[in-house]
Structures are given as C-alpha cells and as structure tokens.
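Data first, discussion second: the structure below is written as structure tokens.
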Protein chains: 2
Amino acid sequence: MATIEEVGGEGRRARQRRATMRELKVASLDEVREHGAAGLRVRSVARRVGMSAAGVYRYVSSREELLTILIADGYHDLADHLRLAGRGEEEGRPPDSPVTDRPAPVVSTRAPAAGDVAERARAVALAYRRWAIDHPNEFALLFGDPIPGYAAPAEGPTTQGMRRVGAAFAEPLLAAWREERLRVHRALSSLELGEALAPMTDDAVGLGGSGIPPAVHALLLTTWGRVHGQVTLEVFGHHDWIFPAGCEPLFEAEVEALLTDLGLLPEPAQ
Amino acid sequence: MATIEEVGGEGRRARQRRATMRELKVASLDEVREHGAAGLRVRSVARRVGMSAAGVYRYVSSREELLTILIADGYHDLADHLRLAGRGEEEGRPPDSPVTDRPAPVVSTRAPAAGDVAERARAVALAYRRWAIDHPNEFALLFGDPIPGYAAPAEGPTTQGMRRVGAAFAEPLLAAWREERLRVHRALSSLELGEALAPMTDDAVGLGGSGIPPAVHALLLTTWGRVHGQVTLEVFGHHDWIFPAGCEPLFEAEVEALLTDLGLLPEPAQ
DNA sequence: TTGCAATGCGAACAGTGTTCGCGTATAACC
DNA sequence: GGTTATACGCGAACACTGTTCGCATTGCAA
C-alpha cells in the first residue's frame, strides 16, 4: 500500500508535531502571562501540555528558545494591534506565523480613527499603551531586561517582528509626511545619520521604500521613544508612588502635546 | 574590668557586622555588574566574601532583599551623578547611606554646565544616558523587569532613592521655572492631576516645597519620560539593528529638541 | 516486512535558594 | 572573676531548577 493520502501537503506526523508545538507555545505564553518571563518553568509548561519535561526538548532546544519564540510572537501581536488601531493596509501577519492562539486584536475602545492622520497617530500611541497595560508581562518580555549576553540574530524572527512594530507605529506619521503635514523638528534636520538606519521601514513592511529622509527617520525614532518612555515608566511601576490613581490623563495629555509638536494638531493660541 | 571602651559609639561586634555587610553589598554589586540581576547567585556572593552560602542569611533574609538593597543603592548613585552633572546644592547622600563602595561620581566629559539653566538641563539628560550606558546591568536592575508580585514599600529606601533621582532630574527645570523661563506645553496646562503627585519633589529633597503647579509637575514627568524612553531603548538594545554605530547623535539631537520645546533654547528660525 | 527516524519518558546530574542544627566565639551581666 | 545569652558561621539537607542520556515505543518509508 502506498503512502496514505496526505492532507494539506504534509503527513499526519508533521501535522501532529505542529499541533503540539502550538500547544507548547500556548502553555508557555500562559505561564509568562501569569508568572512573568523569569517565572517560566519548563516543567510547568510540560505539565500543562501533559508531557514530561524531557519531552519538551524534542521541540525546543532550551528554555531560552521558548522565550525567544514568545518574544517574536509578542512583537507580531503588538504590531497587529498597532496596525489595527492605525488602520494600516497590511492584512495581518502571514497566516502560518501567528503560532500562538491569541485573541484577535479588537478595536480600541477609543475612537475608530479612520480619517485624519492625527487621529490615526493618536490611536496608535494609545494602542501602544493599552497593549502594554493589558499584557504587562509580555511587555516586560519584549522591552524589559535583555538577556545579558544575548543578541538577537540579525535577521531572526524577533528582529522582523520588531520591524513590524516600528513600521506600524510609524505608519500614520509617514502618511502625514507624505501629505507634507509633518513638522520635523529643526534639531533633527541637521542630523547626518547616514545609511545606518535605513532598514527600519524598508523591505517587506510595505511602507514604500527608502525615500524617507534621515530627519524624518530620526523623528520616527524619537517619537517612538517619547511614547515608549512614558509607557515603560508606567507599566514597570515607576509612577505608582506618584499616581496612585493611575496616570492615564498624563499620558493622554502628553500624546496631545506630542501631536501638536509634530504639527498634526493646531497650535493652541498662546 | 568594665566593658571595653567603645570606638565611635558602637562595639567592635557591630562594627564588624557593618563591615561584612558592606563586603556583601560590594560583592553583590560586582556580580550584578558582571552577570546581570538575574545572574546574581547567593553562593557566588558568599564565595566572593569567603563565607558559606548559609552564612549570608545571617545578614540578609533572602536573595531578593540583596537585590532590593542594590536597587536602593543604585538610585542613590544615579541621583548623585545627576546632581553632580546638574550642579545641585545638596552635598551628596547622607554619609552612612552609601554603603556600597562606588567610585565617586566624576564630572561628565561634557561641559561643566555651571551657569545657564539650559546647559544644566542638558548636562543632566546626558548624564542620565551616560550612567545608563556605563552601568547597563544596574540600569536594568532599576528600570527593567519589575518583580512580578513585588511592590516597593511605600516609604522604603528604594522609593526614597527614586525620589532623589526625580528631584535631581527635575532640579534644573525647576530652576528654569523659577526664572519664568520654562514654557509649559498647552496640552498639559489643562491637566487636573490634583494632589496625587505632590510627593515627587516635596520633603527632604530640598527643592523648595510644594508651590509647584500641576502642569509643571506633569512637564517634569513627561520630560523625564522623554529622556528615559530614548535611553531605555538604546541601553536595552532595541536600536542595535538600526544604529550599528551607536545612536549618540540621535539622542543629543533629541535633547536639543527637548530643550527648545521647553523654551530653554532659542527657537531656530523656521 | 524491515529498518530508520521521530517521539516520549524516567532517571540522573549539576546547580539553585533556603532551612536546620550544630558548634564556637563574643558580648553582657552578676 | 565566672556565667549566661546571643551572634555568627558552617555543613548537611530539602525541594526545586534546566538539561542530558539511554531506553522503549510508535509512525513512516522503502
């Protein structure tokens, strides 16, 4: 008897393997959500999927690889949320990539942000914070302590995910720039960053090539940093002793300030 | 014979205890510097000071307490560096507090920043980044992954240290505000933060009480966030794949932009 | 059917943080 | 002075970790 007719181009063994691989990721993600990255125990993951601890190593070479996978996945999830909030055109990640079963990103409670570029930029910034607050342990996994010796492989999945995050964050700003509505700060104009930062929005992200001048590129990065700084301080608890009631108003005000600095909101009368 | 004459008001036993306590801190700090916070091993610390692992627990209740001590100490060290860079009047921390032997903060390679308030603010921002880059593992200890369940005691040493960092960071900006040179962003003016954030610069820090309006307070926080975000992204390696050559120019440009936004530098001709 | 590779498991190893019980040296008290 | 209580340090042990190894078993291909 010849080989059993394969379903979907792969034998049932490969199918099974991918299924338990996904199980492992889901279990790991749950563990991280519950106990943080440092609290991820290989034995717990194994127990969750009904395996022995040793069995896990048939699928993953080390605990660190498990974390790396979660990191890459986390970037993609965050990027999806940002894209959705900013109404980018790219239709999600490639369908075989979202290996972890995450709930599909839901439109933020805030405004739909369909039209104006300022609204879209605001929506993205708020979505960034929203995701961080809703997934603090994953946020810490992505942006917290780096593994001391570890550097992400230059073109590994984590770097690609990160690129998608950057692109999703930058998209409304780039749209504003195309409409010539983006005010680039003078201090950045004189910057000569050379070709070093070209890769951020190029290739495969669908933002339209490398016609972006360095000053705009720099502006994207500083804008991201401005939002990220605020979010990091809040999510990591460094504002707890200042804002027992939560610092959402401060963040939203800072976003408004940021948008006006970018020239996307009318300058208020002095 | 009566009790041996005590030296400095404490018996030699207490003196010995404090000495080995300091030894423990130094050893721990070295370990953290070398292997990161996650790599701090009680047994390594014990080996470094020539003790058994169990002996360490005569001085410290847990590994986590060791880390907590280092955190508090780190805040003070960072605050000292900022103060020195910003030329604050407070003469260092109280002399019994600096339990860890750290090299005395050295004046930044940058300008002395004695006079103008803009220079002082710039110096503080650059010092913030400098310290982070020079002490990446300590920076991660202070601002990286929070211990999932853990919240710093409301008035513990870590909170006090954090307050000193905030105060040192804010000092030049507050000076500018007193000189009525600080431009408070309109988006922050409408903010009603109430009494929630009063404690940041009050009590014992020596910045002159609570006469600071909420909008200025908010501006201090967002300014800190703006600097912190950039530094965090850089130190934690999230700019590596964009800036193989280092992103110092970007940071310095962003600081210039920040200073002009604050009204401390003349607006460049459009 | 035979053979090979994939898969899973239990046991083991080195390492971790932490506790316990034992001595010993030091300080305080009479 | 002697006596007593306390602080200190240590080795052994416990429960736990990530990871490896050898042995079965199972599924697939020739």
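Throughout, protein chains are lettered first and strands after them, A, B, ... in sequence-line order, and every chain is numbered starting at 1. Just the heavy atoms: all of them, side chains too, but no hydrogens, waters or symmetry mates, feed the values below.
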Starting at OH of B:Tyr57 and ending at C1' of C:dG17, how long is that distance when rounded to a whole Å?
-> 4 Å

Quickly work out the A:Arg15 CZ to D:dG27 P distance and round it to whole Å.
-> 13 Å

Compare side-chain N and O positions of B:Arg17 against OP1 and OP2 of D:dC8 and report whether any pair is under 4.0 Å apart.
-> yes

B:Ser52 side-chain proximity, nearest of D:dG18, D:dC10, C:dT18 = D:dC10

Counting side-chain heavy atoms from CB outward, which of D:dT19, C:dT19, C:dT7 is closest to A:Val42?
-> D:dT19

Let me know, please, whether A:Ser61 or B:Tyr59 comes out on the 5' side of the other along DNA chain D by nearest nucleotide.
-> B:Tyr59

Under 6.0 Å between the ring centres of A:Phe139 and A:His135?
-> no

Determine the contact category for B:Arg58: base if any of its heavy atoms lies under 4.0 Å from a base atom, sugar-phosphate if only primed atoms, P, OP1 or OP2 are that close, otherwise nothing.
-> base

Is A:Leu40 touching bases, backbone alone, or none of the nucleic acid, heavy atoms closer than 4.0 Å?
-> sugar-phosphate

From the candidates C:dC9, D:dA12, C:dT16, the one with an atom nearest any side-chain atom of A:Ala54 is C:dC9

Per nearest nucleotide of DNA chain D, the residue lying toward the 5' end, A:Arg43 or B:Gly55, is B:Gly55

May I ask you to check whether A:Thr20 and A:Tyr59 show a side-chain donor-acceptor distance below 3.5 Å?
-> yes

Start with the C-alpha gap between B:His81 and B:Tyr128, add the side-chain angles, then the distance that decides, and say whether side-chain contact (heavy atoms from CB on, under 4.5 Å) holds.
-> CA-CA 8 Å; B:His81 274 78; B:Tyr128 194 89; over 6 Å; no

Taking only N and O in the side chain of A:Arg63, is any of them less than 4.0 Å away from OP1 or OP2 of D:dT19?
-> no

Determine the interplanar angle of the B:Phe143 and B:Trp224 rings, folded into 0 to 90°, and report it as parallel if under 30°, tilted if 30 to 60°, perpendicular if over 60°.
-> perpendicular

Counting heavy atoms from C-beta on, name the nucleotide in C:dA12, C:dG8, C:dT16 closest to the side chain of A:Met51.
-> C:dG8

Spell out yes or no: do the side chain of B:Arg41 and the base of C:dG15 have one donor N/O and one acceptor N/O closer than 3.5 Å?
-> no

